[in-house]
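Remember, it's 1-based here, ligands and their atoms both numbered in the order they're listed. Since the model is a prediction, treat every value here as computed from it, not as a measurement. For reference, positions follow the sequence shown, starting with 1.
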Amino acid sequence: MKNILVVGSGGREHAIARAFAKSTQVASVLVVPGNPGMIEGKISTRSLAVDDVEGLLDLAKQEKIDLTFVGPEQALVKGVVDSFEKEGLAVVGPTKSAARLESSKQFAKEVMEAAGVKTGRHHYFKPGDLLAALEEIDQLTPPYVIKEDALAAGKGVSIVSDVEEAKKIVKESLSAGHSLLLEEFLEGEEFSHFSLVNGEKVIPLTVARDYKRIYDNDKGPNTGGMGAFSPVPFVDQSLCDQVVEKIVGPVAKQMVKMGCPYTGVLYTGLILTKEGPKVIEFNARFGDPETQVILQRLKNDFVDLLEAHLAKKEVIAEFSDEWVAGVVLAAAGYPSTYKKGLPIDITKCHKSSIYFAGVTQEEKATEEHYKSAGGRILMATGRGKDLSQAIKVAYDEIKSIDATDCYYRKDIGKAFIKD
Ligand code: AMP
Ligand code: GLY
């Protein structure tokens with residue numbers, strides 16, 4: 001029986017912990033730091049920062065951990081995987097150097113260019129390049145896509161139609177010392193593709209759609225993600241195969257060639273343009289909230305799948321035909337300023353369909369009563385034989401939560417449901 005360590009504290013890590021807990025080979029799942037909503041059955045939590053590399057190593061040894069899964073990018077860029085590998089501990093995730101596919105947008109563009117992978121045309125500007133950046137904006141046609149070259153949890157991207165607003169954002173960003181990319185706006189439907197990559201070996205997982213903007217009809221600023229569903233109606237097997245053949249495979253090969261082979265989950269953010277799928281970003285990890293919907297569809301034993309991935313063994317990841325959708329409950333005001341400590345009562349919900357993120361719990365509270373502790377509080381999910389049913393169940397769940405000063409989008413999946 002195996003002891004598992006999951007690094008992270010959000011809904012994504014709750015989903016990863018549950019996938020491990022389902023395995024008959026698993027004795028315990030320790031989530032660090034986790035949150036109180038995750039504690040159930042084999043799953044426990046321990047307070048420790050996700051980027052405390054030494055602390056994590058000590059804990060893994062003390063608790064006789066057999067396999068570690070690193071969820072968030074902050075831990076990856078701190079080199080948690082590098083340190084675990086150096087000590088000969090089994091760990092899922094990319095090294096610091098390989099995680100540059102996410103942490104440096106310029107590096108990701110260089111890899112794609114060298115690998116012949118289709119992505120939006122772009123120009124890169126450093127803090128001293130203000131004049132050149134403003135001139136470039138004058139050459140471009142709206143909408144303008146401005147991406148800060150730093151980890152920003154999906155929030156460092158601005159898409160604006162007004163030229164003066166674009167210039168203001170660029171000025172502010174460059175004078176704050178950030179580098180940025182001005183990127184061609186790609187028109188088409190967006191989807192996310194997930195694979196497990198180890199060197200040149202790729203195990204395709206599945207696809208999901210997430211909703212990054214805060215308001216209905218994709219209005220307002222970008223967030224970490226306000227809802228998701230899986231699979232995706234307009235993505236068939238042949239499109240998935242194309243993504244693996246033309247994008248994930250070549251990028252994996254290129255990373256090996258550049259001396260920084262990739263290990264772990266590779267999240268490819270794509271837009272299906274008229275000329276086929278083009279990459280908008282890579283993330284060096286599972287998505288949040290996509291993981292909460294995709295792992296519910298996974299049929300393989302999670303430990304078997306990850307051990308095959310680490311050993312570069314042949315395995316096919318299988319997903320059920322069921323549809324899963326989820327809606328995120330956020331504190332009103334997120335992604336800007338928001339209150340903490342809001343009471344959340346899930347007495348009327350099915351707890352197994354809830355994935356907790358920014359929650360705390362008072363000492364004497366019952367299992368159904370939490371206090372909010374972050375912008376994204378939890379995700380309510382639903383399953384069904386089709387997307388429409390999955391969405392309905394997810395909304396029934398979220399409506400049954402008793403919470404004040406909270407907000408959720410009302411249009412998750414709506415555009416893809418035929419009445
Ligand atoms: P990113 O952090 O790069 O995923 O960007 C956040 C969101 O901005 C994406 O999920 C897309 O919805 C949108 N986006 C990013 N780049 C582009 C682009 N080149 N064209 C159109 N939309 C984009
Ligand atoms: N859902 C977007 C992300 O995980 O980056």
Notebook entry, point to check: Any N or O on Asp210 sitting closer than 3.5 Å to an N or O of ligand 2?
Noted result: yes
Check: Are any of the N or O atoms of Gly224 closer than 3.5 Å to those of ligand 2?
Finding: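 Yes, Gly224 has an N/O under 3.5 Å of an N/O on ligand 2.
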Notebook entry, point to check: Charged N to carboxylate O under 4.0 angstrom, Asp52 versus Lys78?
Noted result: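 Result for this pair is no, no salt bridge flagged.
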Check: Hey, is Asp386 close enough to Lys392 for a salt bridge, meaning N to O under 4.0 Å?
Finding: no
Next item on the list: Would you tell me which option among Glu190, Arg213, Glu183, His122 has the nearest heavy-atom contact to atom 10 (O) of ligand 1?
Entry: Glu190
Item checked: Which segment of Glu290 sits under 4.0 Å of ligand 2 when only heavy atoms are counted ->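 It is the side chain that gets close, since no backbone atom is under 4.0 Å.
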Checklist line | Within residues 30-45 or reaching into it, pairs that qualify as salt bridge (Lys or Arg N to Asp or Glu O under 4.0 Å) - sequence neighbours excluded | finding: Arg18-Glu40
Notebook entry, point to check: Can you list every salt bridge (Lys or Arg N to Asp or Glu O under 4.0 Å) pair that touches residues 350-360, not counting sequence neighbours?
Noted result: Lys351-Glu367
Next item on the list: Would you mind listing which atoms of ligand 1 come within a distance below 4.0 Å of any non-hydrogen atom of Lys147?
Entry: 3 (O), 15 (C), 16 (N)
Next item on the list: Just jot down the ligand 1 atoms closer than 4.0 angstrom to any heavy atom of Lys212, in number order.
Entry: 6 (C), 7 (C), 10 (O)
Check: Of all the atoms in ligand 2, which lie at a distance below 4.0 Å from a heavy atom belonging to Gly287?
Finding: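 The atoms of ligand 2 under 4.0 Å from a heavy atom of Gly287 are 4 (O).
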Notebook entry, point to check: Can you tell which part of Glu184 has a heavy atom less than 4.0 Å from ligand 1: side chain, backbone, both or neither?
Noted result: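 Only the backbone of Glu184 comes within reach of ligand 1.
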Margin query: Pairs of nitrogen or oxygen atoms closer than 3.5 Å, one from Leu186 and one from ligand 1: do any exist?
Written below: yes
